[in-house]
Amino acid sequence: MISVEEALSALFALASPLDTEVVPLSEANGRVLAAPLTAKRNQPPFAASAMDGYAIFGDAAAPGDSFEVIGEAAAGHGFNGTLSEGQACRIFTGAPLPAGAGRVIIQEDVERDNARIILAEKLDPNLYIRPAGADFKAGDTFSAPRALRPSDIALLASMNHASVPVTRKPVVAIIATGDELVQPGETPNQDQIIASNSYGLATLVNANGGHARILPIAKDNLPSLKLAFDLALDADLIVTIGGASVGDHDLVAEAAANLGMARSFYKIAMRPGKPLMAGRLGRSMMIGLPGNPVSAMVCGHIFVLPVLRKMLGLGAAAAPRQNAIVAKDIPVNGPREHYMRGRIENGQVTTFERQDSALLTVLSDANCLCVRPPKAPLTAAGETVEVVLI
Ligand SMILES: Nc1nc2c(c(=O)[nH]1)N[C@H]1C(S)=C(S)[C@@H](COP(=O)(O)OP(=O)(O)OC[C@H]3O[C@@H](n4cnc5c(N)ncnc54)[C@H](O)[C@@H]3O)O[C@H]1N2
Ligand code: MOO
């Protein structure tokens with residue numbers, strides 16, 4: 001059995017960044033920007049007023065000063081004249097500052113008397129001018145690769161990009177295997193259960209920049225598995241669930257081998273997740289996940305997501321970890337790296353008593369996986385451990 005770290009390196013060796021496509025900005029949220037972009041203009045393109053009020057000549061203003069109002073500047077409608085000594089211009093937020101102006105007096109600090117203004121006794125000392133290019137300047141770089149967030153979309157729009165180059169979404173074909181499985185909503189026989197893993201994994205994939213395709217459930221026989229694989233061969237990543245262990249009906253490895261899979265590894269020193277396998281199958285890579293529901297989801301976080309990120313051009317990095325303080329003693333670990341389901345609250349992690357990899361209720365209550373190195377000794381309350389947020 002290889003370590004989790006070795007398995008991850010082997011998976012990264014199988015995964016390459018995908019090609020790129022151009023999408024409209026309105027469809028770019030969550031996509032990975034594939035190449036840096038530069039601002040096409042200054043923002044603001046002119047010195048602009050930050051408030052509604054009066055732009056005055058220069059920046060000298062004292063209570064009781066009086067100015068003659070000679071024009072108006074609104075957003076989208078600048079004032080073309082130039083202010084001279086003693087002159088002001090009515091101005092609104094976002095309007096270009098007229099030539100000659102050096103300060104905006106907010107209208108709350110002004111008394112207006114026809115074409116004149118008189119400044120109040122207590123003046124707000126701010127100039128209320130946004131200099132040209134204060135946000136960004138033409139040529140400034142927006143770096144890549146990065147997964148775009150709503151605030152990035154706003155910035156790119158402001159930089160005048162209507163469309164952006166992004167990495168193509170990895171297509172992930174998900175094949176649940178097992179005679180015992182039926183789709184959610186169907187009526188199972190007495191000896192059947194509902195296929196849950198495909199839905200959990202598809203959601204994980206879709207929420208992290210991939211495009212999941214849930215294929216029909218494959219039965220525990222080679223022809224049915226071949227049929228499912230045939231439907232998946234155009235995917236970037238094929239994820240099978242179940243049939244990975246040593247039982248008589250665990251046929252995924254054999255079915256994949258029959259189709260020519262070049263196996264990279266099988267079995268890892270991880271709990272849950274021991275019977276994990278991976279390899280290359282035609283133009284796709286394949287990850288065979290264990291069937292136990294929690295095992296499949298944990299392997300989704302620890303292996304499928306990092307592979308997805310590599311395909312998206314985000315580099316080869318393990319699931320991010322953070323430190324947490326142990327709230328309740330964690331027992332000695334066995335020989336496999338254990339990803340214990342737990343809850344972290346205010347930096348303190350509590351691992352659950354029940355760690356059976358069949359318990360989706362426990363996984364659903366968990367918000368982190370507490371990483372226990374092989375043979376870790378008892379870790380007492382107050383000590384530090386590493387967790388992966390899920
Ligand atoms: N003698 C041994 N038995 C087992 C070993 C072992 O080393 N020696 N390993 C155990 C471990 S660890 C795991 S994990 C499981 C994984 O086995 P498989 O990948 O072959 O999974 P299945 O047998 O097909 O299913 C296990 C369990 O999960 C349920 N299942 C499967 N697919 C789904 C799905 N899509 N949605 C919901 N539930 C699913 C299935 O009904 C089984 O209950 O093997 C141990 N055995
Ligand atoms: O490795 Mo299995 O995935 O422990 O349940």
Side-chain angles (χ1 to χ4, degrees), residues 1-4 7 172-186 188-205 212-222 224-225 228-229 232 238-257 261 263 265-279 286-304 333-341 351-352 354-364 366 369-372 374 388 390:
M1 282 196 285
I2 61 172
S3 69
V4 170
V172 182
I174 299 177
I175 305 174
T177 73
D179 289 351
E180 76 279 29
L181 303 175
V182 299
Q183 300 284 11
E186 288 180 6
N189 295 334
Q190 275 190 342
D191 47 7
Q192 287 186 310
I193 60 164
I194 312 299
S196 53
N197 298 346
S198 349
Y199 291 86
L201 283 160
T203 307
L204 200 59
V205 163
R213 253 172 46 203
I214 298 180
L215 295 183
I217 295 166
K219 297 278 179 203
D220 288 322
N221 62 65
L222 291 173
S224 180
L225 284 163
F229 272 119
I238 301 171
V239 174
T240 60
I241 305 163
S245 190
V246 293
D248 294 349
H249 305 282
D250 294 333
L251 298 171
V252 167
E254 189 179 339
M261 181 180 81
R263 183 190 285 176
F265 64 83
Y266 175 46
K267 290 203 176 159
I268 59 173
M270 176 181 180
R271 185 179 163 207
K274 182 172 63 171
L276 191 83
M277 71 180 90
M286 178 212 159
I287 303 179
L289 300 180
N292 279 326
V294 175
S295 314
M297 289 302 289
V298 168
C299 289
H301 285 280
I302 303 304
F303 298 112
V304 177
N333 189 27
R336 295 188 272 155
E337 187 159 285
H338 195 177
Y339 288 74
M340 297 182 80
R341 278 67 79 197
T351 52
F352 297 130
R354 298 197 304 159
Q355 293 289 332
D356 185 323
S357 59
L359 305 176
L360 280 176
T361 45
V362 174
L363 184 67
S364 174
L369 300 171
C370 176
V371 187
R372 303 284 292 145
V388 174
I390 59 170

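The structure presented is a predicted model; accordingly, all values stated were derived computationally and were not measured. Just so you know, ligand 1 is whichever comes first in the structure, and atom 1 is the first atom listed for that ligand. Excluded from the calculations below are hydrogen atoms, water molecules and symmetry mates; all remaining heavy atoms, backbone and side chain alike, are included.
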Give the minimum heavy-atom separation between [X] and [Y], together with the two atoms involved.
| X | Y | answer |
| --- | --- | --- |
| A7 | F303 | CB-CE2, 4.0 Å |
| P272 | M270 | O-CG, 3.3 Å |
| P290 | I241 | O-CG2, 3.9 Å |

Backbone of S224 reached by a side-chain donor or acceptor of N221 within 3.5 Å: yes
Whether Y199 side chain and I214 backbone form a donor-acceptor pair below 3.5 Å: no
Does [X] have a heavy atom less than 4.0 Å from any atom of ligand 1?
| X | answer |
| --- | --- |
| V252 | no |
| S357 | no |
| A195 | yes |
| S196 | yes |

Should N197 and L289 be marked as a side chain to side chain contact (heavy atoms under 4.5 Å, CB included) after you check the CA-CA gap, both sets of side-chain angles, and the distance that decides it? CA-CA 10 Å; N197 298 346; L289 300 180; over 6 Å; no
[X] versus [Y]: any side-chain heavy-atom pair under 4.5 Å?
| X | Y | result |
| --- | --- | --- |
| L360 | S196 | yes |
| V362 | V294 | no |
| L369 | I302 | yes |

Could you find the nearest protein heavy atom to [atom] and give me its residue, atom name and distance?
| atom | answer |
| --- | --- |
| atom 2 (C) of ligand 1 | V246 CG2, 3.6 Å |
| atom 34 (C) of ligand 1 | N197 ND2, 3.3 Å |
| atom 24 (O) of ligand 1 | G243 N, 2.9 Å |
| atom 42 (C) of ligand 1 | E180 OE2, 4.2 Å |
| atom 23 (O) of ligand 1 | D250 OD1, 3.8 Å |
| atom 25 (O) of ligand 1 | G291 CA, 3.8 Å |
| atom 7 (O) of ligand 1 | K274 NZ, 2.7 Å |
| atom 43 (O) of ligand 1 | N292 OD1, 4.4 Å |

For T351, run the side-chain contact (heavy atoms from CB on, under 4.5 Å) check against R341, R372, M340, H338 and tell me which one passes. M340
I390 and Y339: side chain to side chain contact (heavy atoms under 4.5 Å, CB included), yes or no, with the steps? CA-CA 11 Å; I390 59 170; Y339 288 74; over 6 Å; no
Determine, considering heavy atoms only, which of [options] sits nearest to [atom].
| atom | options | answer |
| --- | --- | --- |
| atom 46 (N) of ligand 1 | S198, G273, G247, S245 | S245 |
| atom 16 (C) of ligand 1 | C299, A358, A176, P275 | P275 |
| atom 38 (N) of ligand 1 | I217, D179, T240, I193 | I193 |

Quick one: list whatever passes side-chain hydrogen bond (donor to acceptor under 3.5 Å, both in side chains) with E180, sequence neighbours left out. none
Does I194 approach ligand 1 within less than 4.0 angstrom via side chain, backbone, both or neither, non-hydrogen atoms only? backbone
Between atom CG of D220 and atom CG of D248, what is the distance when rounded to the nearest 0.5 Å? 11.0 Å
Give yes if a backbone or side-chain nitrogen or oxygen of L289 is under 3.5 Å from a nitrogen or oxygen of ligand 1, and no if not. no
Below 3.5 angstrom, do we get any N/O pair linking A244 and ligand 1? yes
Ligand-residue contact atoms, ligand 1 with L181, heavy atoms, under 4.0 Å: 32 (N), 33 (C), 34 (C), 35 (N), 39 (C)
Go through the steps for I174 and R213 under the test side chain to side chain contact (heavy atoms under 4.5 Å, CB included), then give the verdict. CA-CA 6 Å; I174 299 177; R213 253 172 46 203; over 6 Å; no
Are there any N/O pairs under 3.5 Å between ligand 2 and the protein, and if so, what are their distances?
residue  : atom  : partner : partner atom : Å
ligand 2 : 1 (O) : G273    : N            : 2.6
ligand 2 : 1 (O) : K274    : N            : 2.8
ligand 2 : 1 (O) : R336    : NH1          : 3.3
ligand 2 : 3 (O) : G273    : N            : 2.5
ligand 2 : 3 (O) : S295    : OG           : 2.6
ligand 2 : 5 (O) : N292    : ND2          : 3.2
ligand 2 : 5 (O) : S295    : OG           : 3.0
ligand 2 : 5 (O) : S357    : OG           : 2.5

Test side chain to side chain contact (heavy atoms under 4.5 Å, CB included) on M261 and F229; report intermediate values, then the result. CA-CA 11 Å; M261 181 180 81; F229 272 119; over 6 Å; no
